[in-house]
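Notes for the one structure printed next.
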Amino acid sequence: MKIDLHNHSYYSDGVLSPAEVVDLAKNQGCDVFALTDHDTTDGLVEAQQQADEINLQLIHGVEVSAMWNNMTIHIVGLNVDIENKTLQAGLKQHQEFRQIRAEKIARGLGGVGIFNALEKVKLVAKTPMITRTHFAQMLVQEGVCKDMRSVFKRFLTGKKPGGVGGKWAEFDEVISWIHAAGGKAVLAHPLRYRMTNTKIKRLLSHLSGAGLDGVEVVTGSSSSDEITLVSQWAKEFDLSASIGSDYHGWPNQRVQIGHLQDMPNVNKTIWSDWSWLN
Ligand code: AMP
Ligand code: MN
Ligand code: MN
Ligand code: MN
């Protein structure tokens with residue numbers, strides 16, 4: 001069975017519409033697929049319509065930004081009730097922070113001579129959700145940087161002109177929103193944070209203590225060694241293993257929907273409790 005539980009549409013920073021992402025997943029042979037946009041579930045209505053149309057098993061997901069130890073991490077909620085008030089109130093806070101942050105980023109860029117960044121970035125985004133990826137796309141279009149990676153490096157991180165610290169909810173609160181909505185909370189791409197392995201293990205230990213259900217063992221950019229390492233951590237911290245490509249659809253991204261290495265032998269997968277699947 002082909003499963004991909006981490007993907008984006010243009011409701012956050014992906015390129016394709018929810019219906020297009022669902023079509024692509026089906027064409028790539030996915031049997032089970034989750035749409036997990038950043039801090040919003042708004043794309044799932046369209047995604048579900050298309051999934052019903054073409055008979056694809058769609059998991060309702062969301063990738064929630066969170067703070068741990070003053071650092072931003074991403075927690076994926078899977079199989080959430082998108083009507084849940086606690087979850088939606090939390091996501092609304094994050095959506096509001098994104099508006100304020102976008103204004104701050106634009107002001108920072110104005111300080112180094114990049115004017116009208118907010119107006120320009122709104123033209124790039126297809127929904128009101130503004131992510132840093134949209135700023136990166138805009139600055140590449142404007143010819144300021146050659147690719148998105150260099151925009152992040154030069155402008156959008158740390159003390160750089162458009163660097164604005166995250167003010168997301170704390171990890172334990174985010175986990176509780178996901179649980180309130182009946183979902184499973186999974187730490188996304190554990191090896192993509194700028195942390196030593198010792199620190200990632202501390203992160204996993206804290207999150208596991210706060211009720212985290214799983215961790216992404218296989219991602220679109222994992223090497224075999226990384227998969228082995230994270231599967232050992234999953235065992236050590238009693239976490240279920242998840243799998244997801246983190247597909248965004250950027251032309252220069254090598255990540256493709258449903259193109260994932262096999263899940264190694266693990267104690268438990270995140271979908272083992274989804275009785276309708278097994
Ligand atoms: P945001 O949630 O608005 O802070 O944006 C974070 C998103 O930016 C991530 O989900 C990635 O898709 C993207 N991103 C972060 N760092 C980089 C990078 N160095 N190069 C390209 N994209 C990045
Ligand atoms: Mn993203
Ligand atoms: Mn992420
Ligand atoms: Mn993602």
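Since the structure is predicted, the reported quantities are computational estimates derived from the model, not experimental observations. Just follow the structure's listing: the first ligand is 1, and inside any ligand the first atom is 1.
Between the Mn ion (ligand 4) and the N, O or S atoms of Asp246, the shortest distance is to OD1. The nearest N/O/S atom of Glu63 to the Mn ion (ligand 3) is OE2. Nearest N, O or S atom of His74 to the Mn ion (ligand 3): atom ND1.
Near Thr131, the atoms of ligand 1 lying under 4.0 angstrom from a non-hydrogen atom of the residue are 3 (O). Contact atoms of ligand 1 toward Thr133: 7 (C), 8 (O), 12 (O), 13 (C) (distance under 4.0 Å to a heavy atom of the residue). Of all atoms in ligand 1, numbered sequentially from 1 with element shown, those under 4.0 Å from a heavy atom of His38 are 10 (O).
The two residues Glu216 and Val230 make their nearest non-hydrogen contact at O-CG1, 3.6 Å. Nearest heavy atoms, Asp4 versus Gly258: OD2-N, 2.7 Å. In terms of heavy-atom proximity, Ser245 sits nearest to Asn7 at OG-OD1, 3.1 Å. Heavy-atom minimum distance, Gln95 versus Asp39: NE2-O, 2.9 Å. Between Arg98 and Ile130, the closest heavy-atom pair is NH1-O, 3.4 Å.
Checking only distances, His248 does come within under 3.5 Å of ligand 1, N or O to N or O.
Ranking the protein heavy atoms by distance from atom 6 (C) of ligand 1 puts Arg132 NH2, 3.8 Å first. Taking atom 2 (O) of ligand 1 as the reference point, the nearest protein heavy-atom neighbour is Arg98 NH2, 2.9 Å. The protein atom (non-hydrogen) at minimum distance from atom 20 (N) of ligand 1 is Phe152 CD1, 3.5 Å.
With the Mn ion (ligand 4) at the apex, His8 NE2 and His6 NE2 define an angle of roughly 100° (rounded to 10 degrees).
Within the coordination shell of the Mn ion (ligand 4), defined by N, O or S atoms under 2.8 Å, His248 is absent. Using a cut-off of 2.8 Å, one finds that His38 contributes no N/O/S atom close to the Mn ion (ligand 4).
Put simply, part of Arg101 is less than 4.0 Å from ligand 1, judged by heavy atoms. Assignment of His134 to the shell around ligand 1 is not supported, since no heavy atom sits closer than 4.0 Å.
Contacts between Asp13 and ligand 1 below 4.0 angstrom, taking non-hydrogen atoms only, involve the side chain exclusively. Here Lys153 has no heavy atoms under 4.0 Å from ligand 1, in either its backbone or its side chain.
Lys104 NZ: 12 or fewer foreign heavy atoms inside a 6.0 Å radius. More than 12 heavy atoms of other shown residues, nucleotides or ligands fall within 6.0 angstrom of atom CG in Asp147.
For His94 and His38, the gap between ring centers reaches or exceeds 6.0 Å.
The aromatic rings of His74 and Tyr193 sit perpendicular to each other, their planes meeting at more than 60°, with 30° as the lower class boundary.
Remark: of the listed residues Gln28, Lys2, Arg254, Gln28 is the sole one forming a side chain to side chain donor-acceptor pair (under 3.5 Å) with His259.
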Q: Under the side-chain contact (heavy atoms from CB on, under 4.5 Å) rule, what do Asp23 and Gln50 come out as? Steps first, then yes or no, please.
A: CA-CA 8 Å; Asp23 278 341; Gln50 187 61 14; 2.7 Å; yes
